[in-house]
Structures are given as C-alpha cells and as structure tokens.
Amino acid sequence: MCKNYDVIEKKGHATIKSWTKGVPFDEKAQQQLTNIAKMPLVHSHIAVMPDVHLGKGATIGSVIPSVDAVIPAAVGVDIGCGMVATKTTLMASQLPDNLSAIRHAFEAAVPHGRTSGRGRADRGAWHNVPEVVAKEWLKLEARFEKICAKHPAIKKSNHVKHLGTMGTGNHFLELCLDENDAVWIMLHSGSRGVGNRIGTYFIELAKKEMQRHQMNLPDMDLAYLEEGSEYFEDYVEAVEWAQDFAAKNREIMMFNAISALRKQLPVEFSTAELAVNCHHNYISREKHFGKECYVTRKGAVRAEKGELGIIPGSMGARSFIVRGLGNPDSFNSCSHGAGRVMSRTQAKKVYNIDDQVKATAGVECRKDASVIDEIPHAYKDIEKVMDAQKDLVEVVHTLKQVVCVKG
C-alpha cells in the first residue's frame, strides 16, 4: 500500500504521522500534537487526519493510542458524537420542487438548537418526553443510575430530555441525493447535555489527580487517568455509556425524521437498503502494533477493512459514504469531516448573509446571521480532504444535500 502520510519527528516520546498532503495544517494544531506526542502513555505514534484543527487539550482530527491510561480531554465533552445515514427507496424525481415543507417538518420532528438565558424552556430539549424516547431511556437508565451512585454530580444534567435531540454548532439533519439521484437522510449529533456533563466532570477529576501526584504536563488539559487508579474504571464505564446514549440518540432522530418525511410525501418508501451509524469522538479497546491499548478517536472515524463510515462536508459541499481500507498506520481510521479552517467568531466577522446565501445555493436551509459560523468557507475543501486520505478509505456513495437543518 502506498504511504500517503508525512512523518513529523519531534523531540518527544512518539512520532506523528499526518495525512495532510494538500490541505491546511495549522501551526497551533501542530504544536498541540507535539504536546500530546510528549506523553509517555502514547503507544507507537499519533495519527493525524486531513481534517485536523486546533481543539481544547487534544487536537480534533487525531487518533491517540494509549497504554494503561486515557486522557479525558482527548475524548472531549461531546462523547460519542457521530453520524448516521440511511438510504431510502425514494428518487429525486419523487420529491416536490419546493422542499420548504420538508425542512419545516424535520425541524418540528427533531428538537434542535438551544434557548439562551436561564429560566427559559430549552427549545432543543423535549418538554414532554415522547413515548418512544421514554421507552428507549429505560434501556439506558439502570447503567446511568449506577454511574450516578458513585458520581452524583453527573445526574444534574439533561439526559432523557435530550435523548432524540440534535443540539447546536455543526450538528445537522439533512436530506441528500446520491450519485444516482437516490434519496438519503443523514444526521450528525452526540450525547448532548449528559455527555457534556460526564466529559467536563472527569476532565476536572483528571486534573486534580495530576496535581495530587505533582505530574508535570505540557498542557494541563492533557491530564490523564491511569489504569488501576481511583477513577479510571468509572470514567471508562461512563464514556461507554455515553457512547451508547449517543448512538441511540441518532437512531431516535432518524426514526422521527423518516416518519416526518413519510407524512410529507404521497408515495410510500422504505429505508432497509443501507444504514450506517458511527462515532467520531470516542474510546475503543483495540490491539495495534503488538499491544492492547485504548484508542481515542478525537474527530476521527474507525475505518477497518470493509467497514462503512460517513465523512460529511460542510452544509454546501458533498459528503461521502466510505468503506475502510484498514490502514494500520492510521490505526484503521479516517477523517470525520472536512475540518474547520476558521473559528466561528472569525467566520462571523469575515462573512455576511449574502455570502451564506451564495454558498448554500440550491440547499433548502436557514440562511440567517445565526448560521454564518457554519458557512462552507469556514471549512476545508472536502475534495482535497478526501484525496489526502485515499489510502484510508474508498468512496461508496457521494451525497449532496438538498435540505439542511442546523441547530
């Protein structure tokens, strides 16, 4: 297999292999990766995906294998965030010319966004939990209560009220067409408020552990929990639960989106042909280069040989259903999207509503000031991102959105 990565040699414990040929690779992100490479717990090397960009503590678009320890901030607070896509039997010709009603139906079926200000009802949560959500929550509740019995602060979070909801930022729900004009539904979300609480809580515990043992770290956000320590197993248990919550969250949203679409169309359709549900912020126990380790994919998708994944572009660009090639140097991973080249604050300063309208031409979506931070120009060119990882995945389907709902 042709090697498509660059090796960055730094004065640290581990090397860095980056699949960034032809795409921007910010210097601050490189420095952040250098900090991680200094950590003695890193096994073999760090793999950097082409959508790499600066994150908090750990770099988004990185794959970090660790032995006998995990870094909570490397997983982050959007635990289990990921994608789900479902192919339908519908064709583009069966959709109405005006897709506005479908967008509004999606918006009504899936709570999204967030209401600012205390004491006001959160528009991104259920006010009356639907029966399907309550039923699925029962399957998660016992494990959650067990976690909360040891760590009561985690219970003070949005859990059941956020199950089946989308959130804000780059989370979305889309209606797409593939290369053959077949209709797909695709969405992006994670573990919502409860995952945020779990991540934040254990990041702070890890920092306290480092201070207690007087550990000298290149960045305190890289505080870690060692296997056998007081909180290690509790964290792994909580993360695995949050990942299950996130996967179920996406399943419920997809179910509700399909139901909403059925009500808008005069034709019957099914969705059994192909569905993909994958995480891109998570921990997995795996064996690489001769050692059992914890693989943290921070903005990266598992791409074992033959495994299907999803790599979305921005809200005005193409997305891809991919099949993994099982590249061992990337720890069987690929990118989770295009990756930002501009912060949200900067995007709002540089671009205006007219720019957003032009960038999302042909897409039924909101085009107001509150979504300018998600303008396609704030992201890397997804075509170049895909070219940079051609030894990690092969494209199975190419999708282009015609409806996009943002939080």
Side-chain angles (χ1 to χ4, degrees), residues 51 60 78 80-88 99-100 102-114 123-125 162 164-178 183-192 195 246-247 249-258 260-261 275-281 299 301 309-321 335-340 342 344 347-348 356-357 359-380 382 385 397-407:
D51 57 343
I60 299 166
D78 201 356
C81 187
M83 301 284 304
V84 61
T86 300
K87 185 179 181 181
T88 76
L99 299 171
S100 176
I102 291 177
R103 173 166 74 92
H104 291 302
F106 279 166
E107 290 173 342
V110 178
H112 56 284
R114 179 176 57 211
R123 62 184 172 88
H162 272 181
T165 72
M166 190 170 76
T168 59
N170 62 350
H171 294 165
F172 63 79
L173 166 60
E174 291 182 341
L175 192 71
C176 304
L177 305 179
D178 70 12
V183 176
W184 291 65
I185 301 174
M186 181 170 70
L187 61 86
H188 171 208
S189 191
S191 53
R192 304 287 282 113
N249 182 36
R250 293 190 290 271
E251 286 179 19
I252 294 171
M253 282 189 285
M254 180 60 75
F255 174 83
N256 287 337
I258 292 168
L261 184 60
V276 186
N277 191 348
C278 58
H279 296 313
H280 53 227
N281 281 354
V301 178
I310 306 169
I311 303 177
S314 64
M315 64 190 292
R318 298 195 299 173
S319 297
F320 301 90
I321 305 298
S335 85
H336 81 312
R340 297 190 74 93
M342 188 180 295
R344 296 184 182 280
K348 288 182 176 180
Q356 177 75 350
V357 170
T360 57
V363 182
E364 172 57 46
C365 63
R366 285 170 49 211
K367 301 176 191 277
D368 54 79
S370 63
V371 292
I372 289 175
D373 58 336
E374 280 294 302
I375 192 168
H377 305 319
Y379 287 84
K380 297 180 187 181
I382 188 64
V385 166
H397 289 291
T398 301
L399 310 183
K400 182 65 177 70
Q401 70 278 86
V402 290
V403 175
C404 177
V405 174
K406 282 278 183 182

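Quick caveat, the model's predicted, so the values are computed rather than measured.
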- Message: Pairing donors with acceptors under 3.5 angstrom, does anything connect the side chains of H188 and H280?
- Response: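 The criterion, which ignores hydrogens and geometry beyond distance, is satisfied for H280 and H188.
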- Say whether N249 and H162, considering side chains only, have a donor N or O and an acceptor N or O under 3.5 Å apart.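 Looking only at side-chain atoms, H162 and N249 do not form any donor-acceptor pair under 3.5 Å.
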- Please name the residue in the list K400, Q401, R103 that meets the side-chain hydrogen bond (donor to acceptor under 3.5 Å, both in side chains) test with E174.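 By the side-chain hydrogen bond (donor to acceptor under 3.5 Å, both in side chains) criterion, E174 pairs with just one of K400, Q401, R103: Q401.
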- Message: Here's a test for you: under side-chain hydrogen bond (donor to acceptor under 3.5 Å, both in side chains), which of K406, R340, R344 qualifies with D373?
- Response: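 For D373, the side-chain hydrogen bond (donor to acceptor under 3.5 Å, both in side chains) test succeeds with only one of K406, R340, R344, which is R344.
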To the nearest 0.5 Å, tell me how far [X] [atom1] sits from [Y] [atom2].
X    : Y    : atom1 : atom2 : value
L399 : I311 : CG    : CD1   : 11.5 Å
C365 : E374 : SG    : CD    : 11.0 Å
I258 : T86  : CD1   : OG1   : 5.0 Å
M186 : K87  : CE    : NZ    : 14.5 Å
I382 : S319 : CD1   : OG    : 7.0 Å
T88  : W184 : OG1   : CH2   : 9.5 Å

State, to 0.1 Å, how close [X] and [Y] come at their nearest heavy-atom pair, and which atoms those are.
X    : Y    : answer
H377 : A359 : NE2-CB, 4.0 Å
G316 : P376 : N-CG, 3.6 Å
M315 : C404 : CB-SG, 3.9 Å
R123 : G407 : NH2-O, 4.0 Å
I372 : A347 : CG2-O, 3.7 Å
A260 : A109 : CB-CB, 3.8 Å

Less than 4.5 Å apart, any side-chain heavy atom of [X] and any of [Y]?
X    : Y    : result
L187 : R250 : yes
V405 : M166 : yes
I310 : I321 : yes
F106 : N256 : no
E364 : V402 : no
H171 : D78  : yes
M83  : V276 : no
I60  : H336 : yes

- Task: Please lay out, stage by stage, how T360 and K367 fare under the test side-chain contact (heavy atoms from CB on, under 4.5 Å).
- Result: CA-CA 8 Å; T360 57; K367 301 176 191 277; 2.8 Å; yes
- Check for a donor-acceptor pair, side chain of H112 on one end and backbone N or O of V110 on the other, with a separation under 3.5 Å.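 Pair found, side chain donor or acceptor close to backbone of V110.
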